[in-house]
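Values below: every heavy atom of this structure, side chains too, minus hydrogens, waters and symmetry copies. Predicted model, so just to flag it, every value in this text is computed and none were measured.
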Amino acid sequence: MSLKENIKKKRLELNLTLEEVAKKLLVSKPTLQRYESGVISNIPSDKIEHLAEILNTTPAALMGWEQHEKNEITLTDEEKQL
């Protein structure tokens with residue numbers, strides 16, 4: 001998933017409104033809506049870090065860099081040697 005999808009998904013999982021998250025993040029509601037819609041894609045790293053704290057996750061998970069255990073592929077020793 002992309003950053004915008006992860007932000008919205010986590011916010012909804014926690015039953016938080018746009019207003020609640022925007023207030024904690026110190027941005028306007030329209031700005032947070034633009035983050036979630038992808039209109040603003042270059043979110044400052046400090047905002048991503050703070051947003052991750054608010055949403056009880058890590059910046060890497062919000063960015064989509066961390067994979068869920070279900071999606072991880074484990075190679076056998078033989079496959080690693082190939």
Side-chain angles (χ1 to χ4, degrees):
M1 276 195 212
S2 67
L3 174 60
K4 66 180 186 173
E5 294 167 327
N6 290 333
I7 293 170
K8 186 171 187 175
K9 179 182 175 202
K10 285 299 293 180
R11 179 178 63 77
L12 294 176
E13 282 176 6
L14 296 171
N15 294 316
L16 294 171
T17 66
L18 282 167
E19 293 88 0
E20 291 169 327
V21 176
K23 186 175 181 179
K24 291 178 183 182
L25 191 58
L26 304 177
V27 298
S28 67
K29 178 184 168 187
T31 296
L32 184 58
Q33 284 177 314
R34 290 183 190 108
Y35 290 171
E36 287 188 358
S37 68
V39 172
I40 298 175
S41 58
N42 191 15
I43 303 170
S45 59
D46 63 320
K47 292 292 184 193
I48 292 174
E49 289 177 25
H50 192 198
L51 192 52
E53 288 176 28
I54 294 165
L55 299 176
N56 251 356
T57 190
T58 64
L62 271 187
M63 296 296 295
W65 297 338
E66 289 180 354
Q67 291 188 357
H68 299 283
E69 290 181 11
K70 292 180 184 176
N71 296 333
E72 288 183 12
I73 299 172
T74 305
L75 299 176
T76 64
D77 288 335
E78 292 175 6
E79 291 171 325
K80 290 178 186 175
Q81 292 176 357
L82 296 178

Check the pair Arg11, Glu36 against side-chain contact (heavy atoms from CB on, under 4.5 Å), reporting the backbone distance first and the verdict last. CA-CA 10 Å; Arg11 179 178 63 77; Glu36 287 188 358; 2.5 Å; yes
Tell me, please, which residues at least two apart from Glu5 pass salt bridge (Lys or Arg N to Asp or Glu O under 4.0 Å). none
For residues 55-64, tabulate all N or O donor-acceptor pairs below 3.5 Å that involve a side-chain atom, not counting sequence neighbours.
{"residue": "Thr58", "atom": "OG1", "partner": "Ala61", "partner atom": "N", "Å": "3.0"}
{"residue": "Thr58", "atom": "OG1", "partner": "Glu66", "partner atom": "OE1", "Å": "3.3"}
{"residue": "Thr58", "atom": "OG1", "partner": "Glu66", "partner atom": "OE2", "Å": "3.3"}

Mind checking whether Ile7 and Lys4 have side chains closer than 4.5 Å, heavy atoms only? no
With a 3.5 Å cut-off and sequence neighbours excluded, list the donor-acceptor pairs that the side chains of residues 40-54 form with protein atoms.
{"residue": "Lys47", "atom": "NZ", "partner": "Leu25", "partner atom": "O", "Å": "3.1"}
{"residue": "His50", "atom": "NE2", "partner": "Lys24", "partner atom": "O", "Å": "3.4"}

Check for me, please, whether Leu12 and Met1 land in the same ILVMFWY cluster - side-chain distances under 4.5 Å, paths through other members count. no
Pairwise distance CG(Leu3) to CH2(Trp65) - rounded to 0.5 angstrom: 9.5 Å
Roughly how far apart are Gln33 CD and Glu19 CD, rounded to 0.5 Å? 8.0 Å
